[in-house]
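To start, the structure under review is shown below, and the notes come after it.
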Amino acid sequence: MHLDSERTEIRDAVRDFAAKRLASGYLTRAKSSTFPWGLHREIAELGIYGLLAGADHNPLEREDFVAAGLAVEELAYADFNVANIAIPVMLMSTLIRQHADPALVAEWLPRLVSGDTFVGFALTEPETGSDAANIRTVARATGDGYVLDGEKTSVTMLGNAEALVVVARTVRDGTDVGVSAFLVPLDTPGIARSVVPDTGWGILGRGVLHLDQVRIPARNLLGTEGRGFSRVLNGFDFTRPLLALTGIGTAQAAIDETAEYVRNRTAFGAPLAKFEGVSFPLAEHLTHLEAARLICYSALEGRTLGLPHTAEAAMSKWYGPLVASAAVKECLLLHGNYGYSQELPFEQRLRDVMSVEIADGTAQIQKIIIVREKYGKDFVPYNKK
C-alpha cells in the first residue's frame with residue numbers, strides 16, 4: 001500500500017482530531033444511547049464524509065478507498081462506535097450519488113456529508129439475514145410510485161436517521177421483477193419503529209422497522225427497478241474492509257495500552273513485560289493484526305484501482321474481526337481483575353468489536369464468498385442468484 005501525501009494528510013488530520021476530541025470520551029459515549037451530533041459534524045468538517053461522495057464534496061482529487069480506510073482506522077483507534085458512524089455515511093453517499101434521481105441527490109447528499117442528517121440502511125429481516133436475496137418486504141408499483149409493506153430488523157441508527165435506503169422485492173402488474181432499493185424518509189405515513197437493546201454500539205442504536213402501506217414517489221427508486229440487490233452487494237465490497245478496520249484500530253489501541261501497562265506493572269520482582277508469557281502473546285496479536293490490516297488495504301486499493309477485490313473484501317471481513325476480538329480479549333486478561341472492570345475500556349471494546357463479526361455478513365458467509373470467487377460456483381451451497 002502506497003501512502004502518498006494526500007493519504008498521509010488525511011490519516012494525520014484524523015489521528016490528531018481523534019486523539020484530542022474522541023479518545024478520552026470513548027467509554028462515556030459507549031455507555032450512552034445519545035447520538036453525538038456535535039462530534040458528527042466536527043468529523044464532517046475534516047472532509048472524510050465526502051471522500052466517496054463525488055467531486056463536489058471530495059477533498060481529494062480522486063475517489064480513494066484507501067484514504068477512507070485510513071480515516072476509519074484512526075477514528076476506531078480512539079472510539080470504535082464513532083468510527084462506525086462514518087461507514088454508513090460513506091455507503092449511503094455512494095449509493096445516492098450514483099443511483100438517485102438528481103433532485104434527491106441535491107436534497108440529501110450535501111446534508112449527509114456535512115453531518116446535518118443521517119441516512120440508514122434497511123436490508124436484514126427477521127427471517128432473512130445473510131440470505132438477503134430472499135427478502136420478503138414488498139414494494140408494489142403503482143401509477144405514480146410504490147407502496148411498501150414488510151419488516152426490517154437490525155437497522156443501525158434507526159432512532160437518529162432521517163431516512164433509510166430500504167431494499168424490497170418489487171412487484172409490477174402482479175409480476176416479481178426483482179429486488180430494488182428505495183430512499184424512504186422516516187416521516188412517511190405508515191412507518192413504525194422499535195428499539196433493539198444491544199450489548200454494544202450504544203450511540204448508534206439498532207431497531208426494527210415496520211412498513212405498512214408506505215407510499216413513496218417513483219423518483220425515490222435508486223437506480224434501475226429490479227437491480228437494487230446488485231448495487232447493495234457492490235457496496236459491501238468496500239464496507240467490509242472498512243468494518244474490519246474498525247475492529248483492527250480498536251484492537252491496536254488495546255494492545256498499545258496493554259504494552260504500557262505491563263511495562264510498569266511488576267510481579268516477582270520484575271516488570272510483566274520481561275516475561276515471555278506476556279510479551280509473546282502481544283507479539284502474536286500484533287502480527288495477526290498487521291496481516292489483517294494488509295488484507296483490508298489490499299481490498300481497498302483494488303477498489304480504488306477498479307480491480308477485482310470481492311474475495312479480498314470477504315477475507316478482510318472474516319479475518320479482521322476474528323483477530324481483533326482475540327487481541328482485545330487477551331489485553332483484558334493481561335490486565336487481570338482491572339481489565340474485567342467497567343472502569344477500564346477493555347470489556348466495552350470486546351463487546352463492541354464482536355459486533356463486526358456479525359455485521360455485513362457472518363464469518364461463514366465470508367468463507368463461502370472467498371471460495372466462490374476463487375474456485376467458482378461448485379463451492380457454493382446454494383444456487384447463486
Side-chain angles (χ1 to χ4, degrees), residues 88 91-105 108 119-156 163-186 188 190-191 208-240 303 308-310 313-314 359-362 365-366 368-369 372-373 376-377 379-385:
L91 176 60
M92 294 301 106
S93 66
T94 299
L95 290 175
I96 291 171
R97 173 177 63 87
Q98 293 180 346
H99 306 298
D101 179 272
L104 285 182
V105 174
W108 290 96
V119 178
F121 183 46
L123 173 64
T124 302
E125 298 183 358
E127 302 298 326
T128 306
S130 295
D131 187 17
N134 291 313
I135 62 175
R136 298 180 182 179
T137 297
V138 173
R140 292 180 174 83
T142 63
D144 58 353
Y146 300 87
V147 178
L148 277 64
D149 288 282
E151 182 177 330
K152 298 289 185 179
T153 190
S154 192
V155 181
T156 302
L164 297 174
V165 171
V166 177
V167 179
R169 186 157 300 283
T170 313
V171 176
R172 179 172 290 278
D173 298 326
T175 301
D176 184 337
V177 297
V179 175
S180 305
F182 306 89
L183 185 65
V184 181
L186 285 171
T188 307
I191 288 178
V208 177
L209 174 73
H210 306 272
L211 301 156
D212 182 12
Q213 293 286 294
V214 175
R215 296 182 177 274
I216 58 170
R219 72 168 190 164
N220 285 41
L221 172 71
L222 297 182
T224 306
E225 188 177 85
R227 297 289 301 277
F229 191 52
S230 62
R231 301 285 185 267
V232 169
L233 288 182
N234 183 262
F236 284 171
D237 280 352
F238 76 83
T239 61
R240 283 171 173 158
R303 180 80 172 203
H309 58 285
T310 298
D360 276 14
T362 62
I365 290 298
Q366 307 312 318
I368 291 171
I369 294 170
R372 182 197 73 198
E373 291 298 307
K377 64 181 182 180
F379 289 81
V380 176
Y382 52 80
N383 292 324
K384 184 179 177 183
K385 303 295 181 182

Are any non-hydrogen side-chain atoms of Tyr146 and Val184 less than 4.5 angstrom apart?
no
Side chain proximity check, Phe121 to Val167, heavy atoms < 4.5 angstrom:
yes
One should read off an interatomic distance between Leu148 CG and Leu211 CG, to the nearest 0.5 angstrom, of 6.0 Å
Nearest heavy atoms of Ala168 and Val138, plus distance in Å
CB-C, 4.2 Å
Shortest non-hydrogen contact between Pro185 and Ala163, atoms and distance
CA-CB, 3.8 Å
Between Arg303 and Asp237 the two heavy atoms that sit nearest each other are NH1-CB, 3.6 Å
Ser180 and Leu221 have their tightest heavy-atom pair at CB-CD1, 3.7 Å
According to side chain to side chain contact (heavy atoms under 4.5 Å, CB included), who are the partners of Glu151, at least two apart in sequence or on a separate chain?
Pro126, Val208, His210
Please lay out, stage by stage, how Phe238 and Leu91 fare under the test side chain to side chain contact (heavy atoms under 4.5 Å, CB included).
CA-CA 8 Å; Phe238 76 83; Leu91 176 60; 4.0 Å; yes
Identify, with sequence neighbours excluded, every residue that meets side chain to side chain contact (heavy atoms under 4.5 Å, CB included) alongside Ala122.
Lys152, Val155, Leu164, Val166, Leu209
Can you tell me if Asp149 uses its side chain to pair, donor with acceptor, with the backbone of Gln213 under 3.5 Å?
yes
Using 0.5 Å steps for rounding, measure from the CG atom of Asn134 to the CZ atom of Arg169.
6.5 Å
Indicate yes or no: at least one non-hydrogen side-chain atom of Asp176 is less than 4.5 angstrom from one of Thr170.
no
Do Arg240 and Ile369 touch side chain to side chain, with heavy atoms closer than 4.5 Å?
yes
What distance separates Phe182 CZ from Thr137 OG1, expressed to the nearest 0.5 Å?
11.0 Å
Could you report the tightest heavy-atom contact between Leu183 and Leu222, atom names first, then the distance?
N-CG, 4.2 Å
Can you list everything that forms a side chain to side chain contact (heavy atoms under 4.5 Å, CB included) with Arg219? Sequence neighbours excluded, please.
Asp101, Ala103, Leu104, Glu107, Pro217
Closest non-hydrogen atoms of Thr188 and Arg215, given as atom of the first, atom of the second and distance, are CG2-O, 3.5 Å
Can we say Arg172 and Glu225 salt-bridge, meaning some charged N sits less than 4.0 Å from an Asp/Glu carboxylate O?
yes
